S.K.: 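One structure is given below, represented as structure tokens, and several questions about it will come after.
Numbers restart at 1 for each chain; the letters A, B, ... are given by sequence-line order, proteins then strands. The structure presented is a predicted model; accordingly, all values stated were derived computationally and were not measured.
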Protein chains: 2
Amino acid sequence: MSAELEVFDRLLEIALLIQEDLARSFAATDLTVSRTHLLWELNRLGPSTQNTLATALKVSPRNVTGLVDALEASGYVARPPHPRHRRALVVTLTDRGSQTMARMEHERSQIAAKLVADLDADQQEELRQGLDSIVTRLQGLVSPATASGRKRSA
Amino acid sequence: MSAELEVFDRLLEIALLIQEDLARSFAATDLTVSRTHLLWELNRLGPSTQNTLATALKVSPRNVTGLVDALEASGYVARPPHPRHRRALVVTLTDRGSQTMARMEHERSQIAAKLVADLDADQQEELRQGLDSIVTRLQGLVSPATASGRKRSA
DNA sequence: TATTGTTATACTCTATAACTATA
DNA sequence: TATAGTTATAGAGTATAACAATA
């Protein structure tokens with residue numbers, strides 16, 4: 001197998017394994033991947049309208065309605081009306097939602113540390129640079145037209 | 001942000017971008033991610049029973065029935081009965097299925113090459129080793145009990 | 001008229017349980 | 001009894017289109 005394919009295959013395998021690990025960590029809760037993704041974005045963005053979330057998640061507004069319905073029913077979010085726009089709703093993390101996100105952020109740090117535990121600081125830095133290069137290349141592949149204008153969120 | 005998190009975040013972003021790129025390449029066909037995954041495994045394993053596919057894809061037999069139904073209807077696979085077991089079916093790639101897989105393998109090679117085009121041979125090799133270390137760590141996280149027994153398919 | 005969200009409808013992926021046919 | 005697959009049922013994620021409420 002060529003050297004390029006070896007790198008690519010490992011990236012695919014890592015993607016799969018990370019997903020598996022996430023699914024395992026969800027199993028302890030009543031959350032699904034999509035709902036957790038919404039909570040994660042909400043945590044990042046702060047209180048948001050459903051349309052904002054739909055854009056952030058690259059998903060239809062109708063879909064967000066369903067996800068927020070479920071998250072509201074299980075107590076992770078609330079959606080009081082917008083103070084200055086009675087039609088709009090502002091989706092907000094409840095205490096339970098905030099605590100869950102805090103726990104997940106913590107788990108994420110621990111996993112991140114474990115993954116590179118076999119590498120010294122120099123190796124980690126070179127790895128980061130290699131991955132950075134790949135991210136840039138991939139962004140060019142996925143959206144060639146707007147690649148120059150897109151920036152990863154640092 | 002810590003160095004560990006930087007590596008982890010890039011891995012997550014790469015996983016997302018690869019998925020996006022795959023979805024884009026499906027858009028030209030009538031295939032979905034799950035159906036393509038089945039075709040891919042079938043291509044790797046050769047003609048297989050549905051139970052074998054269910055195990056390979058880590059999915060229920062009932063689910064495989066649905067996927068194969070759809071792939072048969074669109075002409076990617078056939079399922080003649082097993083020669084020595086009239087109850088069993090042997091799922092097989094049709095010409096269309098084989099050609100599609102050949103094309104996808106080719107695309108995969110090209111993408112793989114593009115991703116690391118900015119790196120010289122030494123950097124590619126170091127990257128591969130770094131990723132290898134991460135794969136091993138992840139396998140340990142995902143299935144701690146059987147980690148020592150599991151081997152990546154080289 | 002434009003924005004925000006919901007109702008209506010439909011398709012895909014997924015699972016478990018019960019069942020049929022075969023070995 | 002064990003294996004291979006399907007029918008039945010159900011839940012989750014997703015989409016588009018039509019609609020209502022608000023601005």
S.K.: Which residues pass the side-chain hydrogen bond (donor to acceptor under 3.5 Å, both in side chains) test with B:Gln123, sequence neighbours left out?
M.R.: none

S.K.: Can you run down the salt bridge (Lys or Arg N to Asp or Glu O under 4.0 Å) pairs that involve residues 33-42 of chain B, sequence neighbours left out, and say none if there aren't any?
M.R.: B:Glu41-B:Arg44

S.K.: To the nearest angstrom, how far is A:Leu53 atom CG from D:dG13 atom P?
M.R.: 15 Å

S.K.: For B:Ser48, what residues pass the side-chain hydrogen bond (donor to acceptor under 3.5 Å, both in side chains) criterion, not counting sequence neighbours?
M.R.: none

S.K.: At under 4.0 Å between heavy atoms, which parts of nucleotides 3-11 of chain D does protein reach? Answer with one letter per nucleotide, 5' to 3': B base, S sugar-phosphate only, - none.
M.R.: -BBBBB---

S.K.: Of all residues at least two apart in sequence or in a different chain, which pass the salt bridge (Lys or Arg N to Asp or Glu O under 4.0 Å) check with A:Glu126?
M.R.: none

S.K.: Does a donor on one side chain and an acceptor on the other come within less than 3.5 Å for B:Glu13 and A:Gln139?
M.R.: yes

S.K.: Hey, is the side chain of A:Ser34 poking within less than 4.0 Å of OP1 or OP2 on D:dT14, counting only N and O atoms?
M.R.: yes

S.K.: With sequence neighbours excluded, tell me which residues meet side chain to side chain contact (heavy atoms under 4.5 Å, CB included) with A:Val59.
M.R.: A:Leu57, A:Asn63, A:Val64

S.K.: Per the side-chain hydrogen bond (donor to acceptor under 3.5 Å, both in side chains) rule, what does the pair list look like for residues 90-101 of chain A, sequence neighbours excluded?
M.R.: A:Tyr76-A:Arg96

S.K.: Run the salt bridge (Lys or Arg N to Asp or Glu O under 4.0 Å) test against A:Asp118 and tell me which residues pass, sequence neighbours left out.
M.R.: B:Arg137

S.K.: For the helix from C:dT1-D:dA23 to C:dA23-D:dT1, figure out the bend between the end axes, five pairs an end, and round to 10 degrees.
M.R.: 20°

S.K.: Please list, chain by chain and in numerical order, all residues satisfying side chain to side chain contact (heavy atoms under 4.5 Å, CB included) with B:Glu107, sequence neighbours excluded.
M.R.: B:Ser25, B:Arg103

S.K.: Could you list the residues that satisfy salt bridge (Lys or Arg N to Asp or Glu O under 4.0 Å) with A:Arg79, not counting sequence neighbours?
M.R.: A:Asp69, A:Glu72

S.K.: Could you tell me how far apart A:Leu67 (CG) and D:dT14 (P) are, to the nearest whole angstrom?
M.R.: 6 Å

S.K.: Going 5' to 3' on DNA chain C, which nucleotide is the first and which the last to come under 4.0 Å of a heavy atom in chain B?
M.R.: C:dT12 to C:dA23

